[in-house]
There are 2 protein chains.
Amino acid sequence: MASLTRTIERYINDLFDEVEEHSVSLRRKELAEIFGCVPSQINYVLRSRFTPERGYLVESQRGGHGYIKILRITYNLPEEKISHIEDIVGETISEQEARRLLATLQERGILEPRERLLIEVALRHAEDLGSSEFDISPYKRSFIQAELLKRMLRSLVLS
Amino acid sequence: MASLTRTIERYINDLFDEVEEHSVSLRRKELAEIFGCVPSQINYVLRSRFTPERGYLVESQRGGHGYIKILRITYNLPEEKISHIEDIVGETISEQEARRLLATLQERGILEPRERLLIEVALRHAEDLGSSEFDISPYKRSFIQAELLKRMLRSLVLS
DNA sequence: GTATAGTTGACTAATATTGACCAATGGCGT
DNA sequence: ACGCCATTGGTCAATATTAGTCAACTATAC
């Protein structure tokens with residue numbers, strides 16, 4: 001049994017491929033009927049899959065002529081991409097957040113698999129060192145890892 | 001008695017051979033039932049065998065329709081190549097030696113420029129942290145950097 | 001005999017799905 | 001203009017389902 005959420009996510013991604021635009025529009029109720037689910041399921045898909053972390057923004061309007069519009073974030077300059085990445089990583093980052101971000105970046109073709117691997121190895125090394133070798137607090141470890149991650153991603157964007 | 005961990009490891013490796021893909025997907029609970037063990041045993045196998053350092057990445061999701069996906073980025077790690085890395089890098093390494101090694105590897109086409117960049121950034125970060133943030137001796141810093149370098153090169157299985 | 005690796009299970013955390021209730025918008029009748 | 005109300009999307013909480021963590025215990029290797 002396939003996951004409803006993933007099915008709807010794929011459907012929306014296919015829409016993006018078809019229109020070849022930076023945005024797609026849809027009607028929540030219609031989409032829910034297509035997939036035979038409650039309308040709020042669509043909100044769940046948007047909230048969990050089409051987030052800024054994954055490079056999307058969502059606009060919507062209620063009432064008559066209501067709609068949902070999904071925008072794919074684009075960058076005109078490398079600096080914009082860097083600042084977006086820095087926003088997402090933030091001051092500190094959990095191992096889980098970091099891994100998810102890397103998966104997304106690979107998914108979007110920003111990172112090669114081998115590059116993702118190198119970054120994960122470096123983060124893990126920092127974690128190992130901070131937790132066992134030295135006795136760094138979890139907060140500071142996540143701060144250090146955020147800094148390392150930002151540096152590595154920054155270097156790639158500029159290369 | 002063959003170890004459960006090794007048995008499950010072989011099972012997953014066989015899956016890779018069968019599907020001839022870069023990734024395989026599992027359900028933790030199913031796998032545990034196949035081998036008649038507790039689910040957390042699967043986590044142990046993943047943690048100890050399918051690590052980034054060995055060229056694998058693991059993605060997973062909890063909840064409904066949860067899964068575990070193992071990605072094989074690099075593999076076929078011949079023991080002699082790995083020990084070769086250990087020999088070249090050694091116990092400690094200076095920044096200069098590291099740079100020279102990376103330049104050579106890139107010239108030989110073993111490392112992509114972006115991969116070299118990632119490694120240099122990680123080494124630099126370790127150096128910065130060890131010298132200014134904490135107060136680590138130069139010897140220990142070069143030891144830590146050698147360890148990091150070896151881990152990153154090992155993950156890519158270079159010779 | 002000690003250190004390392006493997007095994008187990010109780011407890012924790014995250015994700016997907018559903019539905020009842022809430023909020024906003026615009027058209028239409030007055 | 002105003003207000004009703006049909007229409008459209010949003011929020012939240014309950015529940016089921018799945019994976020993760022951690023620490024104690026056992027087995028194996030040196």
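Every chain is numbered from 1, with letters handed out A, B, ... down the list of sequences.
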What are the atom names and distances for every N/O pair under 3.5 Å that joins the protein to nucleotides 14-16 of chain D?
none

When you measure from the side-chain N and O atoms of [X] to the phosphate of [N], is any distance below 4.0 Å, counting only OP1 and OP2?
| X | N | result |
| --- | --- | --- |
| A:Q61 | D:dG10 | no |
| B:Y44 | C:dT7 | no |
| B:T5 | C:dT7 | yes |
| B:S60 | D:dG20 | yes |

Which class fits the ring pair A:Y56 and A:F50: parallel under 30°, tilted 30 to 60°, perpendicular over 60°?
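A:Y56 vs A:F50 ring planes: perpendicular.
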Aromatic rings B:Y11 and B:F35: how do their planes relate, parallel, tilted or perpendicular, breaks at 30° and 60°?
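Ring orientation, 0 to 90° scale: perpendicular.
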Quick check against the 3.5 Å criterion: does [X] have a side-chain atom that pairs as donor or acceptor with the backbone of [Y]?
| X | Y | answer |
| --- | --- | --- |
| B:K150 | B:G90 | yes |
| B:S142 | B:Y139 | yes |
| A:S60 | A:G66 | no |
| B:S94 | B:E97 | yes |

Which one, [options], comes nearest to the side chain of [X]?
| X | options | result |
| --- | --- | --- |
| B:L4 | D:dT21, C:dT8, D:dT11 | C:dT8 |
| A:R49 | C:dA16, C:dT8, D:dA19 | C:dA16 |
| A:I68 | C:dT17, D:dG10, C:dT7 | D:dG10 |

Going by heavy atoms in the side chains, are A:L102 and A:L149 under 4.5 Å from each other?
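Result yes, sub-4.5 Å side-chain heavy-atom pair found.
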Less than 3.5 Å apart, any donor N or O on the side chain of A:R6 or B:Q61 sitting next to an acceptor on the other?
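The criterion, which ignores hydrogens and geometry beyond distance, is satisfied for B:Q61 and A:R6.
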Decide whether A:Q106 and A:E112 meet the rule of one side-chain donor and one side-chain acceptor closer than 3.5 Å.
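No pair is found: no donor N or O on one side chain lies under 3.5 Å from an acceptor on the other.
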Between [X] and [Y] (salt bridge meaning N to carboxylate O under 4.0 Å), is one present in this structure?
| X | Y | value |
| --- | --- | --- |
| A:E86 | A:R154 | yes |
| A:E120 | A:R124 | no |
| B:R151 | A:D128 | yes |

Hey, does A:R47 reach any base, or is it just sugar-phosphate, or nothing, if we go heavy atoms under 4.0 Å?
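Counting heavy atoms under 4.0 Å across all strands, no contact is made by A:R47.
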Looking for any heavy atom pair under 4.0 Å, which part of the strands does A:I42 touch: base, sugar-phosphate only, or nothing?
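Here A:I42 touches no strand at all.
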Could you list the residues that satisfy side chain to side chain donor-acceptor pair (under 3.5 Å) with B:E9, not counting sequence neighbours?
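For B:E9, the residues satisfying side chain to side chain donor-acceptor pair (under 3.5 Å) (neighbours in sequence not counted) are B:R49.
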Check side chain to side chain donor-acceptor pair (under 3.5 Å) between B:K140 and all other residues, then give those that pass, not counting sequence neighbours.
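With sequence neighbours excluded, B:K140 shows a side chain to side chain donor-acceptor pair (under 3.5 Å) to A:E133, given in chain and number order.
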In degrees rounded to 10°, what angle is found between the helical axes fit to the five outermost pairs at each end of the helix from C:dG1-D:dC30 to C:dT30-D:dA1?
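One end's axis against the other's: 30°.
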Using the 3.5 Å cut-off, write out each protein N or O paired with an N or O of nucleotides 19-22 of chain C and the distance between them.
unit_1: C:dG19; atom_1: N7; unit_2: A:S40; atom_2: OG; d: 3.3
unit_1: C:dG19; atom_1: O6; unit_2: A:S40; atom_2: OG; d: 2.7

Counting only heavy atoms and a strict 4.0 angstrom limit, can you tell me which residues of residues 95-107 of chain A come near DNA chain C?
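Result for residues 95-107 of chain A: A:R100, sorted by number.
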Answer with yes or no whether A:R28 presents, from its side chain, a donor or acceptor under 3.5 Å of a partner atom in the base of D:dG10.
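Under the 3.5 Å cut-off, the side chain and the base do form a donor-acceptor pair.
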